[in-house]
Amino acid sequence: LLDAVLRVNAAQPFEVIRRLERHFPNLSGKRISVLGLAFRPDTDDLRESPAIPIVRELASRGARIRGYDPAAGANARTVFGDQLELCESLEQALLDCDAAVLVTRWREFEAVPELISRLNPGLLLVDGRRMPYGGVSSSAADLNQIPAAMVERVEILTGGASAVYGSDAIGGVVNFIMKKDFEGVQF
């Protein structure tokens, strides 16, 4: 079971790349912003961050990468070097890019849809963390906002932290496994 979990975790960054390539078959020259560089919110720690393989894979495919994290900027310079341009604000990261990939669930990122609609309406957002958008006051998403036609199945995981969700899984996680043709949100 642990081997299966580790294989799934290792494949997740490439799932993000696959989703991007469904919209942009050639990522070379595409401007991609990676939102959230730390391995979890409220830290500047990049160890085991899913952003690392995502940024490296995007760089290997010739994408022009920007990154933004509210706390991990200094550490990101060390880890990524010149592979990405570090942005000083979320707004700067969303301006003038083709797509954004949300990697870490910072509370600040709940404003992403509103900012996209105001700053860059054509941007593709690939949300790797299922953020609770729209001013939701708790960290729990409104499950009534997910159209049933998009859901293939629901998995409920209870108790204990996991390698995929970290401390988010301590109280339990509800996974909505989306149908294969669901690729993200286009604003």
For A59 and I65 the tightest heavy-atom approach is N-CD1, 3.4 Å
Report yes if the side chains of E21 and L27 come closer than 4.5 Å at any heavy-atom pair, otherwise no. yes
On a heavy-atom basis, the closest approach of R40 and W106 is O-CZ2, 4.4 Å
With no hydrogens and no angle check, do the side chains of E108 and Y68 hold a donor and an acceptor under 3.5 Å apart? yes
How long is the gap from CG on L102 to CZ on R105, to the nearest 0.5 Å? 9.0 Å
Do V16 and L58 make a side-chain contact, defined as non-hydrogen atoms from C-beta onward lying under 4.5 Å apart? no
Give the minimum heavy-atom separation between P50 and V103, together with the two atoms involved. CG-CG1, 3.6 Å
Closer than 3.5 angstrom, by distance alone: can the side chain of Q92 be matched with the main-chain N or O of E88 as a donor-acceptor pair? yes
For the side chain of D45 and the backbone of A38, is there at least one donor-acceptor N/O pair under 3.5 Å apart? no
Compare all side-chain heavy atoms of F109 with those of P41 and state whether any distance is below 4.5 angstrom. no
Here the pair of heavy atoms bringing A99 nearest to F24 is CB-CE1, 3.8 Å
From CA spacing to verdict: side-chain contact (heavy atoms from CB on, under 4.5 Å), I54, I32: CA-CA 11 Å; I54 291 170; I32 312 290; over 6 Å; no
Rounded to the nearest 0.5 Å, what separates atom CZ in R47 from atom CD1 in I52? 10.5 Å
For the residue pair L90 and L35, establish whether any side-chain heavy-atom pair is separated by less than 4.5 Å. yes
Can you see which heavy atom on L46 is nearest to which on F80, and at what distance? CD2-CE1, 3.7 Å
Test item: I116 and L94 side chains (from C-beta on) under 4.5 Å apart, heavy atoms: yes
Which atom names give the shortest non-hydrogen contact between L84 and L86, and what distance separates them? CD1-CD2, 3.5 Å
To the closest 0.5 Å, what do you measure between CD1 (I17) and CD (E15)? 10.5 Å
S49 side chain to L37 main-chain N or O, any donor-acceptor pair under 3.5 Å? yes
Does any non-hydrogen side-chain atom of R31 lie less than 4.5 Å from one of D96? yes
Indicate yes or no for a side-chain donor-acceptor contact from R66 to the backbone of A100 under 3.5 Å, with no hydrogens or angles considered. no
CG of N120 to SG of C97, rounded to nearest 0.5 Å, is 5.5 Å
Could you give me the CA-CA distance, side-chain angles and deciding distance for L119 and E91, then say whether side-chain contact (heavy atoms from CB on, under 4.5 Å) is met? CA-CA 8 Å; L119 300 172; E91 291 83 357; 3.9 Å; yes
Take R61 and K30 through the side-chain contact (heavy atoms from CB on, under 4.5 Å) test and state the conclusion after the steps. CA-CA 10 Å; R61 293 170 189 241; K30 293 296 178 193; over 6 Å; no
Report the C-alpha separation of V126 and L20 in whole Å, then their side-chain angles, then the decisive distance to 0.1 Å, and conclude whether the side-chain contact (heavy atoms from CB on, under 4.5 Å) test is met. CA-CA 8 Å; V126 177; L20 286 168; 4.0 Å; yes
